[in-house]
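Single-structure report; data block below.
Just so you know, ligand 1 is whichever comes first in the structure, and atom 1 is the first atom listed for that ligand. What you see is a predicted model; the values in this text were computed from it and never measured.
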Amino acid sequence: MYMVLLGPPGAGKGTQAKLMEERLRVRHVSTGDLLRSAIREGTALGMTAKRFMDRGELVPDELVIDMISARLHDEDCRAGAMLDGFPRTVPQARALEELLGNEGLRLDHVVSLTVPEEELLRRATGRRTCSECGAMCHLVFNPPMRQGLCNRCGGVLFQREDDREQTVRARLEVYEKRTAPLREYYRDRHLLREVDGIGPTDEVLRRILVQLDVCR
Ligand code: AMP
């Protein structure tokens, strides 16, 4: 099963994708995570990507398309993948269609998580990331037990550059302009399923699974 999770930054795509990976046994592939690990490793891609990510802008299509193409050819994505954060532009969506088409495959579902802007700002600006293990927590929804330290490994927490309010606002604008048109794109292809992203995590998961016809 190949599936796309669409939604603005802070909509909960990553959280839901991780839960669905367990539930549906489909590999979770996040372009944001892949880019952040390229940055940690100091690769040429990472260094270029960081300049765009720190400003809340999109990394150029050709770089992201090459990266995802390589990832989808990995053995663990042969049976399917749940794409989180890709595609983010119409050219990326076309490239994905072509990539899958070349292997005789196609996209099965596109789920779009909808969350109002003020809620997105509240969610994103409270998010903190561990400098050691990369785990995320939230000052309001999942606060650290010891101030400033990761609940999982005790590493020092920091606010990602792209979670700062000014950057989040820039990312939301970019989303509206460049990514929101994908809803239309996938609606025209009868693939789009819109899901309300407000509410407890397991309730949002249930709504998604109902849309996928996996649970009732
Ligand atoms: P995310 O973790 O999905 O919110 O992504 C973090 C940042 O990585 C985004 O704000 C973009 O700068 C970059 N990024 C992730 N996925 C893509 C993509 N498909 N196209 C372009 N840039 C991306």
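- No side-chain donor-acceptor contact under 3.5 Å links Lys50 to the backbone of Ile39.
- Shortest non-hydrogen contact noted between Thr179 and Arg88 is OG1-O, 2.7 Å.
- Only side-chain heavy atoms of Leu35 come within less than 4.0 Å of ligand 1; its backbone N, CA, C and O stay farther off.
- In terms of polar-atom proximity, Pro87 is not counted as a contact of ligand 1, lacking any N or O under 3.5 Å from an N or O of the ligand.
- What sits closest to atom 22 (N) of ligand 1 on the protein, heavy atoms only, is Val59 N, 3.0 Å.
- Among all protein heavy atoms, the one lying closest to atom 20 (N) of ligand 1 is Gln92 NE2, 2.9 Å.
- Residue-to-ligand polar distances keep Met53 apart from ligand 1: every N/O pair is separated by 3.5 Å or more.
- Of the candidates Gly85, Gly14, Ala170, it is Gly85 that places a heavy atom closest to atom 19 (N) of ligand 1.
- Salt bridge present: Glu194 and Arg187 bring a charged side-chain N and a carboxylate O closer than 4.0 Å.
- Taking the centre and axis of the six-membered ring of Phe52, the NZ or CZ atom of Arg55 falls inside the cone set by 45° and 6.0 Å.
- Ligand 1 places these atoms under 4.0 Å from at least one heavy atom of Arg36: 2 (O), 6 (C).
- When every heavy atom of Ala95 is checked against every heavy atom of Ile65, the shortest pair comes out as CB-CD1, 3.6 Å.
- Every atom of ligand 1 with a heavy atom of Val64 under 4.0 Å away is listed here by number and element: 18 (C), 19 (N), 20 (N), 21 (C).
- Considering backbone and side-chain atoms alike, Asp84 places every N or O at 3.5 Å or more from each N or O of ligand 1.
- In this structure the side chain of Ile68 never reaches within 4.5 angstrom of the side chain of Pro87, judged on heavy atoms.
- Salt-bridge check for Glu165 with Arg169: passed, with a basic side-chain N closer than 4.0 Å to an acidic carboxylate O.
- Ion pairing between a basic and an acidic side chain is recognised when a charged N comes within 4.0 Å of a carboxylate O; Arg122 and Glu119 show such pairing.
- The shortest contact between atom 15 (C) of ligand 1 and any protein heavy atom is with Arg88 NH1, 3.1 Å.
- The protein heavy atom nearest to atom 12 (O) of ligand 1 is Glu57 O, 2.6 Å.
- Looking only at protein heavy atoms, the nearest one to atom 10 (O) of ligand 1 is Arg171 NE, 3.3 Å.
- Both the backbone and the side chain of Leu58 come within contact range of ligand 1, each with a heavy atom under 4.0 Å.
- Checked by distance only, ligand 1 and Thr31 come closer than 3.5 Å through their nitrogen or oxygen atoms.
- Counting heavy atoms under 4.0 Å from ligand 1, residue Lys13 does not touch it at all.
- Not a single donor-acceptor pair under 3.5 Å links the side chain of Arg207 to the backbone N or O of Val195.
- Under 4.0 Å is where a charged nitrogen must lie from a carboxylate oxygen, and between Arg123 and Asp163 no such pair does.
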